[in-house]
Amino acid sequence: MLQESKTKKKKKPPTDPHDFVHGAGFAPAPESIAIRLNKAYGLFINGRFVKASTGKTFDSVNPATEEVLAKVSQAGKADVNKAVKAARKAYDEVWGPMPGRERGKYLFRLARLIQERAREFAVIESMDGGKPIRESRDVDIPLVAAHFFYYAGWADKLDYAFPGRKARPLGVAGQVIPWNFPLLMAAWKLAPALACGNTVVLKPAETTPLTAMKLAELIQEAEIPEGVVNIIPGYGDAGAALVEHPDVDKVAFTGSTEVGKRIQGAVAGTKKKFTLELGGKAAHLIFNDAPIDQAVEGIVNGIFFNQGHVCCAGSRLFVQEGVAAEVIRKLKRRMETLVVGDPLDKNTDIGAINSAEQLERIKLLVNSGEQEGACLWQSGQRLPKKGYWYKPTLFTDTAQSHRIVQEEIFGPVLAIQTFRTVKEAITKANNTPYGLSGGVWTDKGSKIFKVTHAIRAGVIWANTFNKFDPTSPFGGYKESGVGREGGLQGLAPYVELY
Ligand code: NAP
Ligand code: MG
């Protein structure tokens, strides 16, 4: 035995410095929990999984491996009709008349089931969407459960939410969600709607339907009455049919500004209430007196973790001239250490880009940045051969007119500019059609108040970034949307007050 170990070859240390910084020194640590995934999923209508009337299915793919994870039924117009009908019946006969304290019990039960199965949900979320397990396990799924717990608590207290007024549910809510936080966006939509007594038809995004289908299984397990929640995966045409359906009372949409505008047009002049959570182009403002290391970590968290697939991603950085060189140097050094690869590995910082289509869009915008004269820098990670990947990227020498500064890239790409005065920073940060979020980094409290009041954005973090809690409202100014989700404010769009 001793002999054997003596003759064993020593592992050669990596010669490429990137191998050290990019984590080759760590053993892989993939999440190993057993998950249950069906080969095929039907639409979830009236408490049952059913085939789509179109007879069509589509593949949900793992973007890290390009493997098909499951076949999913594709809802058509007839299925939308069926789902809305089921939701209407459930609203009229069961959920609408049910006392709030009873509705609350169902939601608490669902929240507990999500908590119990949190690891399985996290793994499936990472497989279906490409996000690192660290994000889905530590952020997405705990927030999903927290949202259901929070709104379950409101179900029997609506009279206190709107003192002196009575709150009445609206009826059937049609909800359409994107692929970047698949289950979390479902929770943001479902929890307040159900707590207020509405029933729901939810359409998940085409690339990430699987955790929504798993949620449908939990809804069955929680014995939520049939028809209260209907989940119909499909493409944009199913989403359009849902928001245009005449028997839908409330439309809730999270997605791109482009589609949001189309939806706003579709509901104009109808009885429908609507909320739109749309795109963003958040700015970080780093002042000379900022805690630099903390700021660099906040920037990395805001744009590189989660592949920049975050509506409130800090995709623009404005840094005061006195610290610009230091910030950029430290940022590049930190970017070199990010681990890009298997989303199921606990060491991974940057997972897979959600789809081939999204990867193409990132490449197109990055090319435009180079063509327009900005200076590109990318860290040296080697990307896996299979799947969709993109290196952490930053641009310096950018101008306000560049597409990479104006348009949402939705990838790990940061555009940097410098500024001299507070006024200049505010003007530059506000020079965008969006207004979802932002970040301010400074040691001075008065500057935080001045800047956060002057920036037209729904959420601004100070000396931190991307922090969420179900009790705080979230939503946009300008072309980033209409209405608020989360907190007490998130109840209002789902009730009529009298
Ligand atoms: P998207 O293309 O707008 O799609 C969002 C959802 O709408 C998908 O389910 C999509 O179906 C569906 N859809 C497409 N066309 C439709 C139509 N005409 N009528 C109704 N529904 C339609 O957005 P995405 O690319 O999935 O998501 C990324 C965007 O979401 C980014 O702009 C991001 O900023 C935004 N976002 C915003 C927030 C926020 O809170 N403000 C949060 C997360 C994401 P398909 O899957 O078939 O396309
Ligand atoms: Mg997928």
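Remember, predicted model here, so these are calculated numbers, not experimental data. In this chain, numbering begins with 1 at the start of the sequence shown. We count ligands from 1, going down the list as the structure has it; atoms in each ligand are counted the same way.
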Quick test of your reading of the model: are E485 and K189 salt-bridged, counting only N-O distances below 4.0 Å? yes
Going through the checks in order, is the ring-ring contact (aromatic ring centres under 6.0 Å, His included) test met by F318 and H284? CA-CA 6 Å; F318 298 101; H284 281 282; 10.0 Å; no
Shortest protein contact, atom 8 (C) of ligand 1 (heavy atom only): I177 O, 3.4 Å
Counting heavy atoms under 4.0 Å, the part of T254 that contacts ligand 1 is both
Output yes when the distance from some N or O of ligand 1 to some N or O of K203 is under 3.5 Å, and no in every other case. yes
Which is it for V123 and L344 under the side-chain contact (heavy atoms from CB on, under 4.5 Å) test, yes or no, and what are the steps along the way? CA-CA 7 Å; V123 170; L344 289 183; 4.0 Å; yes
With ring-ring contact (aromatic ring centres under 6.0 Å, His included) as the criterion, how do F465 and W461 come out once you've worked through the C-alpha distance, each side chain's angles and the decisive distance to 0.1 Å? CA-CA 5 Å; F465 205 75; W461 291 282; 4.9 Å; yes
Where on E277 is there a heavy atom closer than 4.0 Å to ligand 1, on the side chain, on the backbone, on both, or on neither? both
Short version for L436: what comes under 4.0 Å of ligand 1, heavy atoms counted, is side chain
Is it the case that R316 places NZ or CZ above or below the six-membered ring of Y434, under 6.0 angstrom from the centre and within 45 degrees of the axis? no
Quick one: does atom 4 (O) of ligand 1 have a protein heavy atom under 4.0 Å from it? no
To check your reading of the model: name the closest protein heavy atom to atom 13 (N) of ligand 1, its residue, and the distance in Å. G236 CA, 3.7 Å
Does the distance from a Lys or Arg side-chain N to an Asp or Glu carboxylate O, for R403 and E372, drop under 4.0 Å? no
Counting only heavy atoms closer than 4.0 Å, does ligand 1 sit against the backbone of L278, its side chain, both, or neither? backbone
Report yes or no: is the cationic atom of K214 (NZ for Lys, CZ for Arg) closer than 6.0 Å to the six-membered ring centre of Y41, at no more than 45° off its axis? no
Numbered atoms of ligand 1 (with element) below 4.0 Å of R262, judged on heavy atoms: 18 (N)
Please confirm whether W179 comes within less than 3.5 Å of ligand 1 when only nitrogen or oxygen atoms on both sides are compared. yes
Can you list the steps and then say if I404 with I409 is a side-chain contact (heavy atoms from CB on, under 4.5 Å)? CA-CA 7 Å; I404 50 166; I409 301 173; 3.9 Å; yes
Taking the six-membered ring where the residue is Trp, are the ring centres of F108 and F148 under 6.0 Å apart? no
Would a line drawn from the ring center of F410 to the ring center of W179 be shorter than 6.0 Å? yes
Atom 16 (C) of ligand 1: closest protein heavy atom, distance to 0.1 Å, is V259 CG1, 3.3 Å
Note the single closest protein heavy atom to atom 27 (O) of ligand 1, along with its residue, its atom name and the distance in Å. P178 CB, 3.2 Å
May I ask you to identify the nearest protein heavy atom to atom 28 (C) of ligand 1, giving residue, atom name and distance to one decimal place in Å? F410 CE2, 3.6 Å
What protein heavy atom sits nearest atom 48 (O) of ligand 1, and how far off is it? E206 OE1, 3.5 Å
Interfacing atoms of ligand 1 (cut-off 4.0 Å, heavy-atom, V176): 6 (C), 7 (O), 9 (O), 12 (C), 21 (N)
Nearest neighbour in protein (non-hydrogen) for atom 34 (O) of ligand 1: E408 OE2, 2.5 Å
Just need the protein heavy atom nearest to atom 1 (P) of ligand 1, so name the residue and atom and give the distance. S256 OG, 3.5 Å
With a 6.0 Å cut-off on the ring centroids, do F468 and F474 count as close? yes
Atoms of ligand 1 less than 4.0 Å from G239 heavy atoms? 19 (N), 20 (C), 21 (N)
Where's the contact between F181 and ligand 1, heavy-atom distance under 4.0 Å: side chain, backbone, both or neither? neither
Tell me, with the steps shown, if T207 and S355 meet side-chain hydrogen bond (donor to acceptor under 3.5 Å, both in side chains). CA-CA 7 Å; T207 57; S355 63; 5.7 Å; no
Are any of the N/O atoms in C311 less than 3.5 Å from those in ligand 1? no
Taking heavy atoms and a distance under 4.0 Å, where does Q358 meet ligand 1: side chain, backbone, both or neither? neither
Using a strict 4.0 Å cut-off to heavy atoms of N180, name the atoms of ligand 1 that fall inside it. 43 (C), 44 (C)
Distance under 6.0 Å and angle within 45° of ring axis: K428 vs F419: no
